[in-house]
Colleague: 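Quick one: the structure is below, questions incoming.
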There are 2 protein chains.
Amino acid sequence: MVKQVAERADLLPKLAQLFRSHGYEGTSLAAIAAATGLGKGSLYHFFPRGKPEMAQAVLDETAAWFARAVLGPLRHPGPPRVAIREMCRALEAHHNGGTQICAFALFAADETQTLFAAPLRTHFQQWIEALARVLVLAGRGAAAARTEAFDAVACIQGAIILARAAEDGRVFAGAVARLEARLCV
Amino acid sequence: MVKQVAERADLLPKLAQLFRSHGYEGTSLAAIAAATGLGKGSLYHFFPRGKPEMAQAVLDETAAWFARAVLGPLRHPGPPRVAIREMCRALEAHHNGGTQICAFALFAADETQTLFAAPLRTHFQQWIEALARVLVLAGRGAAAARTEAFDAVACIQGAIILARAAEDGRVFAGAVARLEARLCV
DNA sequence: AACTTGTTTTACCATTTGGTACAGACTTAT
DNA sequence: ATAAGTCTGTACCAAATGGTAAAACAAGTT
């Protein structure tokens, strides 16, 4: 019982893509079954508590990726410019040219918020705090660093929405590039 | 046939509130019926093409409000500082302390995007262009004005998401205040 | 009073929703 | 070979989904 036909971890990328594209309510079990090629039986084998557990798993995996690719560099001792650059590169990759919103942001947007309130709060809080600390290292005062970090994260999230509305991924890349330049003063 | 028992226009605020809270897929006809106190029959009397038409009507009304309260002041000849202040006040009121996202932004976030692509595109495009023109009047160069306007709108949309995630309306008010100060340099 | 118009109620429809039960199949260890 | 575990397919379920049809109701006009 080492090799398994399908593993829970294999499903997470597909699940993430679905939830990030259609939202929580907009993603049906039928769509999940179709996209993964698995029947509901298999799905409920991996996620006995159903759809909420699937969404939770996506948030968990996103949080793990985020800790690795964004919080890690931000907290790693080193030049602020490098940390900020790594953050920006990770965001560009994760959001795929602004076409795909972050699962956390999407769940925060609608009433799904009430289901996942705690993870949402900590996710963005950690992000803002880690970035603010980097900005302090870069010379900002404590208060200014916090508001600048907040505005930076907000700008990223908003840029994804605008890129999706414009159906033009370039605007997201541009926003990230400007953000990087602004933060690295 | 002058006085009607219920008017289409009376329903729009309720509809807007529902869609902005739960998203398009997350808002069921049953919930709409319950919130408005009307049966499905009445609902389909006012919106014969069903839920899509209701969402479209909400977007139309939002667009009308936006043209009046935001684009109007931005396009009105006068000091940039006044136009920007009026925009910020209107946004604060409309988003209710960052607790309610904009219908346009919410529909842009998930795959509802494909249903309302055109209105979404024009909404944000008009906003950015009008704000950019004000920034030119305030002394910016044409290119810088456009990117600053884009970032400003993005920052607003993102701040709503962060305010909802933090469940703290004050952060939205703070973001708007900082934005106003930044734009009025 | 009758006619017309606009609104609401009620009952109904097919389809889809999230979820379950369970028998069978595959894989691995003994 | 067999037992034990893990995985999958099928069939099923009650409830909710978006949507429809038409009868009944209210009100204004003639």
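Numbered from 1 within each chain, the chains take letters A, B, ... in sequence-line order.
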Colleague: Of all residues at least two apart in sequence or in a different chain, which pass the salt bridge (Lys or Arg N to Asp or Glu O under 4.0 Å) check with A:Asp110?
Modeller: none

Colleague: Check this for me: does any side-chain nitrogen of one of A:Arg89 and A:Glu86 sit under 4.0 Å from a carboxylate oxygen of the other?
Modeller: no

Colleague: Please report the distance, rounded to the nearest Å, between NE2 in A:His45 and C1' in D:dT8.
Modeller: 9 Å

Colleague: With nearest nucleotide decided by heavy atoms, which residue, B:Gly39 or A:Gly41, maps closer to the 5′ end of DNA chain C?
Modeller: B:Gly39

Colleague: Tell me which pairs pass ring pair (Phe, Tyr, Trp, His ring centres under 6.0 Å) where either residue lies in residues 139-174 of chain B, with sequence neighbours left out.
Modeller: B:His95-B:Phe172

Colleague: Find the distance B:Tyr44:OH to C:dT9:C1' and express it as a whole number of Å.
Modeller: 16 Å

Colleague: Can you check the A:Leu43 CG to D:dG9 P distance for me, whole Å?
Modeller: 11 Å

Colleague: How many whole angstroms separate atom CG of A:Leu38 from atom P of D:dT10?
Modeller: 12 Å

Colleague: Might you work through the side-chain contact (heavy atoms from CB on, under 4.5 Å) test for B:Lys51 and B:Tyr24, ending with a clear yes or no?
Modeller: CA-CA 9 Å; B:Lys51 211 169 109 166; B:Tyr24 180 76; 3.8 Å; yes

Colleague: Expressed in angstrom and rounded to an integer, what is the separation of B:Glu7 atom CD from D:dA26 atom P?
Modeller: 19 Å

Colleague: Have a look at A:Gly50 and say if it touches a base, only the backbone sugar-phosphate, or nothing, with a 4.0 Å heavy-atom cut-off.
Modeller: sugar-phosphate

Colleague: Using the side-chain contact (heavy atoms from CB on, under 4.5 Å) criterion, which residues pair with A:Ala152? Sequence neighbours excluded.
Modeller: A:Leu131, A:Leu179, A:Leu183

Colleague: Do A:Lys40 side-chain and C:dG19 base share a donor-acceptor contact under 3.5 Å?
Modeller: yes

Colleague: In chain order, what residues pass the salt bridge (Lys or Arg N to Asp or Glu O under 4.0 Å) check against B:Arg170, with sequence neighbours excluded?
Modeller: B:Asp168

Colleague: Rounded to whole angstroms, how far apart are CZ on B:Phe46 and C1' on C:dT5?
Modeller: 13 Å

Colleague: If the condition is salt bridge (Lys or Arg N to Asp or Glu O under 4.0 Å), which residues does B:Glu111 pass it with, not counting sequence neighbours?
Modeller: A:Arg164

Colleague: If a pair satisfies side-chain hydrogen bond (donor to acceptor under 3.5 Å, both in side chains) and one of its residues is in residues 60-84 of chain B, list it, with sequence neighbours excluded.
Modeller: B:Gln56-B:Asp60

Colleague: Under 4.0 Å: is that the gap between some side-chain N or O of B:Lys51 and OP1 or OP2 of D:dG18?
Modeller: yes

Colleague: Runs of at least three consecutive Watson-Crick or G-U pairs, both distances under 3.5 Å, are what I'm after; which ones involve DNA chain D?
Modeller: C:1-25 with D:6-30, C:27-30 with D:1-4

Colleague: C:dT8 P sits how many Å from B:Phe47 CZ, rounded?
Modeller: 12 Å

Colleague: Among residues 12-34 of chain A, which residues get a heavy atom nearer than 4.0 Å to DNA chain C?
Modeller: A:Thr27, A:Ser28, A:Leu29, A:Ala30

Colleague: In residues 119-127 of chain A, what donor-acceptor pairs under 3.5 Å come from side-chain atoms, sequence neighbours left out?
Modeller:
unit_1, atom_1, unit_2, atom_2, d
A:Arg121, NH1, B:Glu167, OE1, 2.5
A:Thr122, OG1, A:Ala118, O, 3.3
A:Thr122, OG1, A:Pro119, O, 3.0

